[in-house]
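What's counted below: heavy atoms across the whole structure, side chains too, no hydrogens, waters or symmetry copies. Order of appearance sets the numbers: ligands from 1, and atoms from 1 within every ligand. Note that the structure is predicted; figures quoted are calculated from it, not measured.
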Amino acid sequence: MSNETAFTEASAVIPGGVNSPVRAFRSVGGAPRFLVSGHGPYVVDVEGRQYVDLVCSWGPLLLGHAHPAVLDAVHAAVDSGLSFGASTPSETELAEAVIDRLAPVAVGGTPVVEQIRLVSTGTEATMTAIRLARGVTGRSLVVKFAGHYHGHSDGLLADAGSGLATLALPASAGVPAEIAAQTLVLPYNDRDAVEAAFASYGDRIAAIIVEAAAANMGVVAPAAGFNAFLASTAHAAGALLIVDEVLTGFRESAAGWLGLEPVAADIVTFGKVIGGGMPLAALGARREIMVHLAPLGPVYQAGTLSGNPVAVAAGLATLRAADAAVYARVDEVAGVISTAADEALTAAGVDHVLSRAGNLFSIQFRPTLATDYAGVQKQEAFRYGPFFHAMLDAGVSLPPSAYEAWFVSAAHDDDAVSRVLEALPAAARAAAAAVPA
Ligand SMILES: *Cc1c(COP(=O)(O)O)cnc(C)c1O
């Protein structure tokens, strides 16, 4: 079967042929690749073509595809039954593993994460975090930043980054104005805007939610001290700070972005790497906050498949295998590939800037680094399609949007990295030759 046929057949029965809009090739053109397998740094499509994968399932696959330890753990779990709708000891082990990793992130001796609750998706984690913050504070308003993505729950879809940016949508239809009005959307890295919002609405704000480092509008690092400023501003007004580590957690370091830049987060959300490729996510906080969740407290949250034993097995095996050598390799591969992309684009004379936050990176097709969503959108994104397709033709699968991070894994060995480096010069020339649509 060809990718075109697979896409045509899918499009007849699935809207746009995809089950998540970011998988569509609308901004780069052509039929999405339909994948059938993945091993280490490689994926294979329905035509039998192999690609070096720089999507890595959008982040979860820190260890690469089909890591033996993860597969073994999943096979063992599967053999014992798929789901019980009851507690399993492995959930406690995963909670302990997360709490241990976050232990160095403490404020005044109290760890930021003392308890966690497992859910199935990052969307649920942030949605629950917001409800929890509202339950704890008795307030309604939430501050988010333009270009930050926190999943697809109603109140968090305003100016929500890549998926919407790629489709040029400011926000989703179907979100009642009354609900959107509960979210204040501010420019990222803008302290004045945060101070102004708190001056006007401070006693009505339940929480600020922020990506630990923004990576859903391409990568945009927080300005030095910005996250700490958010914590102190929120706390001075009696509001909470929710740090969304769904993408950065357990990828940027053993303790995520908070491991690189500890701040006094009140609630932290996890996803992606925590499930190692299975549907698993979580939220964590100090005990005094978590006790507000049902069944202890009045903030309701539930899930038939929450803490699913197969997903927990994959997550636990992933975290156990993600040792210092894994993080060193991910950092190294990210450094080599991002530097090579930067150099290839410079050699081809393309206006661009490499944007990095730890081991996450992306390219902005503009001469200077943009630090907020308005700036990110002022780029020559039309250069990305030809760049992307040249890489794909050379056997490298990049995210099909200029507004996404590139993801590497510890399984990206020297062969895989070489294939990326060899593909970059021609792709950079294709970007240089691109013309606006
Ligand atoms: C991916 C992501 C989410 C949503 O997670 P899903 O599992 O796709 O629902 C939330 N926040 C951030 C920062 C993300 O990158």
(request) Mark up the atoms of ligand 1 that fall under 4.0 Å of a heavy atom belonging to G151, in ascending order. (result) 3 (C), 4 (C), 10 (C)
(message) If you measure every N or O of T123 against every N or O of ligand 1, does any of those distances drop under 3.5 Å?
(response) yes
(message) Below 3.5 Å, N or O to N or O, backbone or side chain included: is there any such pair between Y149 and ligand 1?
(response) yes
(request) Any atoms of ligand 1 less than 4.0 Å from a non-hydrogen atom of E211? List them with their elements. (result) 13 (C)
(message) Does this structure show an ion pair linking R101 with E96, if we count only N-O contacts that are shorter than 4.0 Å?
(response) no
(message) Would you compute the distance between atom CG of L369 and atom OG of S355 and round it to the nearest 0.5 angstrom?
(response) 4.5 Å
(request) Consider only side-chain N and O atoms of D244 and T269, and report whether a donor and an acceptor are under 3.5 Å apart. (result) yes
(message) Show the atoms of ligand 1 that are less than 4.0 angstrom away from any heavy atom in L247.
(response) 15 (O)
(request) Could you go through the side-chain contact (heavy atoms from CB on, under 4.5 Å) check for H235 and D266 one step at a time? (result) CA-CA 9 Å; H235 295 159; D266 297 292; 2.5 Å; yes
(request) Using the six-membered ring of F365, assess whether NZ or CZ of R383 lies under 6.0 Å from its centre and within 45 degrees of the ring axis. (result) no
(request) Classify the contact between T269 and ligand 1 as side chain, backbone, both or neither, using a heavy-atom distance cut-off of under 4.0 Å. (result) neither
(message) Please give me the minimum heavy-atom distance between Y403 and A381, naming the atom from each residue.
(response) OH-CB, 3.8 Å
(request) Look at atom 11 (N) of ligand 1 and say whether a protein heavy atom is found at less than 4.0 angstrom from it. (result) yes
(request) Check each heavy atom of T121 against ligand 1 and say whether those closer than 4.0 Å belong to the side chain, the backbone, both or neither. (result) both
(message) With rounding to the nearest 0.5 angstrom, report the CG to CG distance, L424 to L345.
(response) 7.5 Å
(request) Using atom types as modelled and distance alone, determine if a side-chain donor or acceptor of R356 lies under 3.5 Å from a backbone N or O of G358. (result) yes
(message) Can you tell me if K272 contacts ligand 1 (heavy atom of the residue under 4.0 Å from the ligand)?
(response) yes
(message) How far is atom 3 (C) of ligand 1 from the closest protein heavy atom, and which atom is that?
(response) V246 CG1, 3.6 Å
(request) For the residue pair Y42 and V52, establish whether any side-chain heavy-atom pair is separated by less than 4.5 Å. (result) yes
(request) For G122, take its heavy atoms, then give the atoms of ligand 1 lying under 4.0 Å from any of them. (result) 4 (C), 5 (O), 6 (P), 7 (O), 9 (O)
(request) Look only at interatomic distance and state if N216 has a nitrogen or oxygen under 3.5 Å from any nitrogen or oxygen of ligand 1. (result) yes
(message) As an exercise, identify every atom of ligand 1 less than 4.0 angstrom from a heavy atom of D244.
(response) 10 (C), 11 (N), 12 (C), 13 (C)
